[in-house]
Amino acid sequence: MDPQLEKDYLDLVVQVVEKAGKRGVMAEAYLSGSQELNIEVRDQEIEALTVASDRGLGLRVLAGGKVGFAYTTDLSPAALDEVVDRALANAGLATADPFNRLPGSPGGYPELAIYDPDIEATPVADKIEMARKLEREARAFDPRVKITESCCYRDQTYVVALANSQGVAASYRGAYCGLSLFVVAVEGAENQTGFSLQYTLRLKELDAARVGREAAARAVRQLGARRIETQKAAVVFDPYVASNFLSVLASSLTAEAVQKGKSLFKGRVGQKVASDMVSIIDDGRLAGGIATAPFDGEGVPTGRTVLIEGGILRGFLHNTYTAAREGVKSTGNGSRGSFKTTPEVGTTNFFIQPGKLSPEELLKDIERGFYVTEVMGMHTANPVSGDFSVGASGLLIEKGELTRPVRGVAIAGNLIGLLEAVDGVGNDLVFFGATGSPTLRIARMTISG
Amino acid sequence: MLAKEADLMAVLEIALQRGGDFAEIFIERKRITSISCEDDKIERVNSGLDQGAGIRVLAGDRTVYSYTNDISREGLEKAAAQVAAAFQGEAQVKPCAFSRPRPGADFEFRRRPDSVPVEEKVELVQRANKAAREVDPRIRQVTVAYGDVIQEVTIANSEGVLVEDERVRCRLAVNAVASDGKIIQTGYEAAGGLCGFELFEEIDAAELARKAARRAVQMLEARPAPAGKMTVVMAAEAGGTMIHEACGHGLEADLVQKGLSVYAGKKGQQVASPLITVIDDPTLPSKYGSFRFDDEGAPGQRTVLIQNGILQDYMYDYLTARKEKRRSTGNGRRESYQDRPIPRMSNTFIAPGNDDPEEIIRSTARGLLVKKMGGGQVNTTNGDFVFDVAEGYLIQDGKIGPAVRGATLTGNGPEVLRLVDRVGKDLGFSLGTCGKDGQGVPVGDAQPTIRIPEMVVGGILEDEEGE
């Protein structure tokens with residue numbers, strides 16, 4: 001991406017804020033643009049190649065405590081005038097709220113290493129070769145790995161520019177790249193899938209061999225899986241499954257959910273809400289983190305927030321609105337899905353702090369248990385009530401060893417009960433995108449089979 | 001029209017100038033309005049304009065794709081050149097002259113949402129909010145979300161297909177949160193369709209909201225679902241998530257062709273109970289998954305997937321149909337110009353049978369009655385699927401017993417469909433956004449009341465005495 005583009009975008013958001021300011025309102029303009037490359041390989045041939053660019057502007061206006069929002073992908077002067085009109089009209093219909101505010105300029109932002117020039121500079125041919133290698137590694141791992149469901153290399157370079165009537169005018173450029181692989185192992189009439197992925201800020205860190213072998217290993221070890229009887233037993237979540245559970249927990253750790261009575265943790269700051277071994281952190285400046293950025297979707301500098309420390313609830317994530325409502329400072333978690341949405345409270349790099357034991361040591365003392373490597377229907381877990389019931393597959397643990405594959409069972413409970421029942425945290429923190437967790441051991445859970 | 005015919009032709013020519021045997025351009029202009037109310041406040045009134053174009057060229061099984069927000073002739077030419085740059089040869093085919101196919105069905109949008117004052121939409125949202133809050137003092141929070149979309153598309157390809165279409169959708173969703181001070185529960189209801197604002201003449205927004213609120217309150221008193229195998233009766237009003245997951249996805253031709261479906265190679269075979277007929281039909285008026293043309297310009301059509309338990313056909317898009325030298329079934333859909341079309345469901349349902357729904361419950365000694373389904377997921381490769389029970393009751397001696405909460409049902413698609421032993425004469429629809437390959441598209445699902453003699457209920461095992 002042309003470095004000039006970042007300057008042009010910044011000029012444009014400043015202009016749009018001025019345009020809205022002339023209509024007598026406070027305003028905030030957010031512009032993001034990206035370039036994307038996506039390579040899909042099957043049987044060593046390119047199945048699909050996508051090269052694309054995209055951008056758009058979102059405008060939030062504040063008039064007498066009322067918020068209005070509009071967005072457009074058309075950046076012509078006429079379209080920008082229309083965006084101002086629409087945002088103003090929308091504000092007229094909203095309910096006034098004195099806590100609707102825009103943050104002022106913090107005076108500076110941290111310099112973060114989030115743009116690796118190699119991502120853009122590396123030729124497409126090399127990236128295609130990386131995707132091919134990914135598939136070859138999986139096939140070479142075991143002859144039973146016969147079908148590629150999807151084998152992808154992906155990268156994105158992006159620019160974000162933000163300005164508001166309170167003096168914020170800033171921009172940044174970033175890039176990330178990743179590999180993902182889903183393969184099928186075939187034996188007789190049985191097919192089982194396995195996957196692995198890696199997203200990183202540094203092209204050199206991509207490890208096609210590791211990702212390829214891991215996906216293959218996960219598929220092959222599920223061959224011959226069958227149900228187990230309904231029982232209560234120790235359950236171990238691998239880092240992927242544990243991260244999935246952590247994602248469901250995310251909304252209940254936002255001040256927005258607390259203020260609206262939708263959080264399990266409401267009124268429990270300072271209390272014990274999880275096992276001593278559990279610490280949960282959100283860090284918007286984490287070195288190497290996919291979600292790392294100098295500022296959030298409102299121009300507030302990102303930071304590190306300890307949410308749960310040794311099982312004690314320490315606090316919640318805030319954006320400017322929720323912070324104003326409680327008279328505290330925003331934690332820099334005003335998060336925007338894209339230019340199409342207003343900044344809501346959201347996580348950045350969000351993870352469970354690793355413990356001391358290796359995954360093997362966590363399994364060692366388990367007489368009989370269930371090691372969960374995949375869950376199905378995680379999106380049906382209810383973040384408000386904390387109730388979850390999900391399909392699960394993985395491996396049976398007998399006398400501290402992983403013995404045979406299991407599928408078609410369900411595990412159920414409540415997230416609070418789950419956090420309290422954690423009796424082991426691994427030392428193997430792994431990130432899946434911006435959410436990460438080590439292996440977690442749960443003392444006892446119902447397994448339905 | 002989003003582009004002139006001559007411009008479309010020129011862009012297709014550029015896309016094909018260095019090789020490839022098929023080119024297509026999909027231009028979209030989407031205007032949205034969304035309104036949300038929470039905390040008794042109209043918090044967000046948003047409107048948006050998203051426009052862009054996706055260009056693809058096929059060369060055998062290979063796809064090259066590019067998209068852009070710039071839908072001027074220059075922008076489209078640039079994107080087409082970017083696609084062509086992935087090829088090294090000479091032009092192989094020339095685009096054919098355009099002709100416009102007839103749609104599979106025609107729909108009338110009586111009140112286009114852009115003709116409805118936003119004030120009226122806000123009033124609708126407020127009415128739903130008020131109704132939900134009045135249901136019970138234990139209702140602690142209500143979120144009402146209204147959304148409408150007007151999507152104009154122009155689709156043209158090198159085989160001469162040219163389609164201009166407009167899709168109008170409206171939707172209202174209510175999420176109610178109830179708490180008794182100790183536990184929190186939620187209730188959700190949504191209505192929507194390929195239709196204008198006239199939807200709210202048929203759907204009573206206040207009643208929809210009360211239904212969501214009542215469910216939240218009722219779930220406070222529900223006990224945790226039992227764990228293990230049970231007979232399951234699924235009421236028609238529960239919606240169609242089960243059929244969507246148990247066989248819908250497995251009948252999408254891309255998964256079948258890649259060997260990723262348990263239904264691969266089974267055309268003409270018995271894959272379900274003879275009581276089961278499954279149909280995909282985008283031509284049904286005003287359902288959430290309805291359309292006149294799919295996103296490749298193929299007319300929407302009714303496709304019988306399973307008839308009396310025998311697998312009849314899969315759902316195809318252009319690319320998967322071409323691989324088998326047959327016609328698309330008009331199931332090529334995409335979330336937006338940023339996505340390649342893939343085979344997707346539209347409105348998918350189990351056809352009604354002959355049984356009296358109440359009698360199905362009466363004749364069940366013990367089991368679980370599913371009154372409302374939530375979301376679901378399937379692993380098409382082995383057929384294992386799950387779906388969430390948003391409202392469920394125990395059936396005791398043929399009568400509806402106490403409510404249960406927090407259950408997911410899990411099963412294997414072909415196994416469960418073979419087991420179905422009762423099919424009611426009713427039919428209930430639900431709507432949702434179906435996710436596949438990172439793309440979400442609106443779908444409708446439906447089923448009559450059905451009974452499955454055995455499924456695994458993912459509940460909680462009560463602790464043994466003395467523990």
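As the structure is a computational prediction, the values presented were derived from the model and not from experiment. Just so it is clear: chains get the letters A, B, ... in the order the sequence lines come, proteins before strands, and each one is counted from 1.
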*Between atom CZ of A:R42 and atom NZ of B:K258, what is the distance when rounded to the nearest 0.5 Å?*
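Taking CZ in A:R42 and NZ in B:K258, the distance rounds to 4.0 Å.
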
*NZ of A:K262 to OG of B:S179: how many Å apart, nearest 0.5 Å?*
14.0 Å

So what's closer than 4.5 Å to chain B heavy atoms on [X]: side chain, backbone, both or neither?
X	answer
A:D54	both
A:Q35	neither
A:E149	both
A:N90	both

*Among A:I411, A:V83, A:V67, A:D97, which has the most heavy-atom pairs under 4.5 Å with chain B?*
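Most heavy-atom pairs within the cutoff with chain B belong to A:D97.
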
_For chain B, the option from A:A410, A:A412, A:G68, A:S53 that forms the most heavy-atom pairs under 4.5 Å_ =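 Top count of heavy-atom pairs under 4.5 Å with chain B: A:S53.
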
*Any donor and acceptor pair, going by atom type alone, linking the side chain of A:T380 with main-chain N or O of B:G375 inside 3.5 Å?*
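Flag not set: sc A:T380 to bb B:G375 has no pair under 3.5 Å.
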
*Residue from B:N379, B:N382, B:T381 passing side chain to side chain donor-acceptor pair (under 3.5 Å) with A:Q192*: B:N382

*Between A:E40 and B:R340, is there a salt bridge with N-O shorter than 4.0 Å?*
yes

_Show the nearest heavy-atom pair for residues A:S448 and B:G458, with the distance to one decimal._
OG-CA, 3.4 Å

*A:N38 atom CG, over 12 foreign heavy atoms within 6.0 Å*: yes

